[in-house]
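The structure appears right after this line, and notes come after that.
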Amino acid sequence: MEWHNVIDPASPELDQLAERYHLHPLHIEDCRQHLESAKIEEGESYLFTVVKGIELTKEGSIDGHDIDLFLGKDYLITVIEAGDKETRQQIERFQVSCNHLRADQIYYRIIDTAVDTHLPVLDHYNDAIDDLEDSAMEAATPKTLSRIFEIKRELINLRRILVHTRDVTAHLQRVDSPYIKRDMWPFFCATSMITSRAISITWRCFATC
């Protein structure tokens, strides 16, 4: 199994891999754009997937970054954004610890790790809403109301990311693919369930806020 990790979508390395593995030009274009949502598509001889890792900015808003994956029968290509140091470090750790695994097993671990980045962000907004409720009980100032609207906007953004991620993992838990062995289905099912619960919590936060 060959694993190629491209740390800059603009790199000529991606073009070379596209030629070698016959990657579709539209999928290469997707790698070089910042997509709004996660997605999964079948290529000629591979599975193309985009997942979103997220983190909070210093201002408290959501910053999403794309992780693009090409999964073939005997190879995996990961493409990460040039400034995404956290994902790059995580993948470097995987390359050391997971080099004995199959391509579909590594593929799953990367997707699962991306999903894990969603949960601390959700916890942050849950805590922020609790604080706002306390403030609103004392006095609903314009600043408090403004913050409520800001959180609602971010929760809408977070829910969109989660819904599309859930759709990707739900597809993977039942897909009959030559690239993913059936023993991986329960793992994708568990990730899909986690994402579905996160969507429910996001909706409750939005309704509470």
Side-chain angles (χ1 to χ4, degrees), residues 30 34-41 47-69 71 78-81 83-91 93-94 98 104-136 147-175 177 180 183-209:
D30 282 344
H34 188 76
L35 300 185
E36 289 296 319
S37 304
K39 63 184 290 187
I40 185 166
E41 293 178 352
L47 197 61
F48 175 64
T49 312
V50 182
V51 291
K52 306 285 285 190
I54 59 175
E55 59 185 354
L56 287 170
T57 66
K58 293 180 180 179
E59 294 74 25
S61 59
I62 293 173
D63 181 26
H65 47 268
D66 293 351
I67 305 170
D68 309 298
L69 304 102
L71 175 65
T78 48
V79 185
I80 60 177
E81 295 179 2
D84 186 3
K85 294 181 180 179
E86 185 170 339
T87 301
R88 182 174 67 185
Q89 291 171 354
Q90 184 65 63
I91 285 180
R93 287 192 289 269
F94 282 157
C98 302
D104 62 341
Q105 293 172 317
I106 299 171
Y107 170 84
Y108 160 75
R109 290 200 177 193
I110 293 171
I111 292 175
D112 189 57
T113 299
V115 169
D116 284 345
T117 68
H118 302 171
L119 304 181
V121 174
L122 184 54
D123 288 342
H124 165 81
Y125 287 116
N126 205 7
D127 292 342
I129 290 170
D130 287 342
D131 293 340
L132 283 172
E133 285 180 337
D134 293 340
S135 298
R147 181 59 179 153
I148 289 172
F149 288 128
E150 287 176 8
I151 290 178
K152 280 184 175 289
R153 284 195 297 269
E154 294 300 332
L155 286 172
I156 290 171
N157 188 22
L158 177 59
R159 186 177 184 277
R160 175 181 52 77
I161 292 171
L162 288 168
V163 165
H164 288 280
T165 303
R166 190 258 332 262
D167 292 345
V168 167
T169 54
H171 175 78
L172 288 168
Q173 74 180 16
R174 62 180 183 271
V175 64
S177 169
I180 299 175
D183 63 357
M184 297 306 300
W185 288 8
F187 294 96
F188 286 113
C189 179
T191 302
S192 181
M193 290 174 63
I194 291 170
T195 308
S196 294
R197 285 198 296 270
I199 292 169
S200 298
I201 295 170
T202 304
W203 178 248
R204 286 201 300 270
C205 288
F206 184 87
T208 303
C209 190

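Please read these numbers as outputs of a predicted model, since none were measured by experiment. When a residue number appears, it is its place in the shown sequence, counting from 1. What's counted below: heavy atoms across the whole structure, side chains too, no hydrogens, waters or symmetry copies.
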With no hydrogens and no angle check, is any side-chain donor or acceptor of [X] less than 3.5 Å from a backbone partner on [Y]?
| X | Y | answer |
| --- | --- | --- |
| R160 | I156 | no |
| T169 | R166 | yes |
| W203 | A198 | no |
| E81 | D66 | yes |
| T117 | I54 | yes |
| H118 | K52 | yes |

Side-chain donor-acceptor pair present, T202, Y125, cut-off under 3.5 Å: no

Got more than 12 heavy atoms from elsewhere within 6.0 Å of CZ, R109? no

CD/E86: more than 12 non-hydrogen atoms of other groups inside 6.0 Å: no

Between T49 and Y107, the two heavy atoms sitting closest are OG1-OH, 2.5 Å

To the nearest 0.5 Å, how far apart are CG in L71 and OG in S177? 7.0 Å

D30 and F48: CA distance, side-chain angles, deciding distance, side chain to side chain contact (heavy atoms under 4.5 Å, CB included) verdict: CA-CA 10 Å; D30 282 344; F48 175 64; 3.7 Å; yes

Does the distance from a Lys or Arg side-chain N to an Asp or Glu carboxylate O, for E154 and K152, drop under 4.0 Å?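 Result for this pair is no, no salt bridge flagged.
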
Classify the ring geometry of F188 against Y108: parallel below 30°, tilted from 30° to 60°, perpendicular beyond 60°.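 Perpendicular.
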
